[in-house]
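Numbers here simply count residues along the sequence, with the first being 1. Just so you know, ligand 1 is whichever comes first in the structure, and atom 1 is the first atom listed for that ligand.
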Amino acid sequence: MLLTVTMNPSVDISYQLDSFLLDDVNRVEQASKTAGGKGLNVTRVAHMLGMDVTATGVLGGTIGTFITNQLTADDIKHDFYKIDQESRNCIAILHEGRQTEILESGPNLTEEESRGFLKHFEELLRNSKVSVLSISGSLPKGLTADVYRKIISIANQQGILVILDTSGSTLQSILDDPTIKLAAIKPNRDELSAIEGQALSDNPEDWKEILQSPRYQNCEWVIVSMGSKGAFAKYKQDFYLVEIPAIKVVNPVGSGDATVAGIAKALDERLLPAELLKSAMTAGMLNTMEESTGSVNPNLFDGYYDQVQVTKQ
Ligand code: ATP
């Protein structure tokens with residue numbers, strides 16, 4: 001079973017406007033509201049790909065209820081730690097081919113709430129057969145990377161494979177902790193460049209040296225996703241270039257999260273390295289072909305899977 005962790009979920013609201021008037025009233029006829037946050041995109045795609053998946057994390061208030069109601073309506077299992085504070089709304093205003101975003105930072109968690117979540121998480125692991133854990137997104141205010149470190153340590157002790165999809169100093173500090181073991185990370189090129197604090201060349205061959213550094217030695221898979229160019233990956237000491245076919249992209253948002261779902265599926269099924277890369281890329285591609293974020297058509301999976309080319313470098 002896959003357990004997904006989303007520490008700061010949101011209701012993602014999208015307003016479609018012909019024009020956006022500043023300092024005036026904007027009336028909206030087309031509004032969509034969905035349970036969002038990177039971890040919930042992973043959850044939805046994994047569910048659509050047929051995985052047994054449960055979503056956990058921290059939420060609260062009427063927004064938290066909206067999120068759990070929507071997961072229930074989609075037939076997705078969830079078991080969140082509830083807090084007294086409201087979860088957040090994230091608003092995207094789509095106007096004149098542009099996107100203006102208003103993102104709430106969400107609740108400010110206390111020490112007690114942080115401890116409460118960890119207890120909840122341990123109980124969840126005790127009561128279910130989790131084989132793969134995916135942790136996605138940034139942390140809410142009040143929490144530090146230490147929470148992710150504790151979650152991963154607990155999973156490591158139980159032999160659960162961990163995928164961590166976060167960025168910046170949180171990812172950096174986890175990677176630099178020699179006691180932590182990760183099954184996979186999936187930075188995109190900008191995220192890898194940010195961890196390294198240097199611009200990366202356009203040639204993935206040049207990234208080999210970086211990926212061989214001690215920082216990545218406790219992480220079995222480092223899959224650097226490159227949008228329409230596929231990915232460059234390290235598995236243990238081997239490198240792979242992954243090429244994907246040209247496809248008609250409808251909405252690429254959330255493709256990284258879909259890719260994580262594809263990795264989780266392959267880890268759960270103990271697939272071979274080339275098969276894992278094909279599963280990851282296929283899930284990402286299928287997400288770009290759908291209008292809604294964090295959504296795939298599973299009937300197209302096999303056809304695109306066969307078109308992904310993996311070359312050992
Ligand atoms: P996001 O932040 O939007 O979730 P990301 O930057 O983490 O995405 P990307 O590298 O953009 O991740 O995309 C992940 C995978 O999704 C790619 O490796 C590829 O398989 C697929 N993908 C994304 N964009 C495209 C595209 N334009 N054409 C084809 N496949 C794509």
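Every protein residue with a heavy atom nearer than 4.0 Å to ligand 1 is included here: K186, N188, S225, M226, G227, S228, G230, I244, I247, V249, P252, V253, G254, S255, G256, D257, T259, M281, G284, M285, T288.
Classification of D146 and R149 as a salt-bridged pair holds, one side-chain N sitting under 4.0 Å from a carboxylate O. The residues D202 and R189 are annotated as salt-bridged, a charged nitrogen and a carboxylate oxygen being separated by less than 4.0 angstrom.
Scanning for side chain to side chain donor-acceptor pair (under 3.5 Å) contacts around S14 gives an empty result, with sequence neighbours left out.
Remark: side-chain polar atoms of T288 are not paired, donor with acceptor, to backbone N or O of N251 under 3.5 angstrom. Side chain of N89 to main chain of D12: no donor-acceptor pair is present (N/O by atom type, distance under 3.5 Å, no hydrogens or angles). Here the side chain of Q307 pairs no donor or acceptor atom with the backbone of I244 at under 3.5 angstrom.
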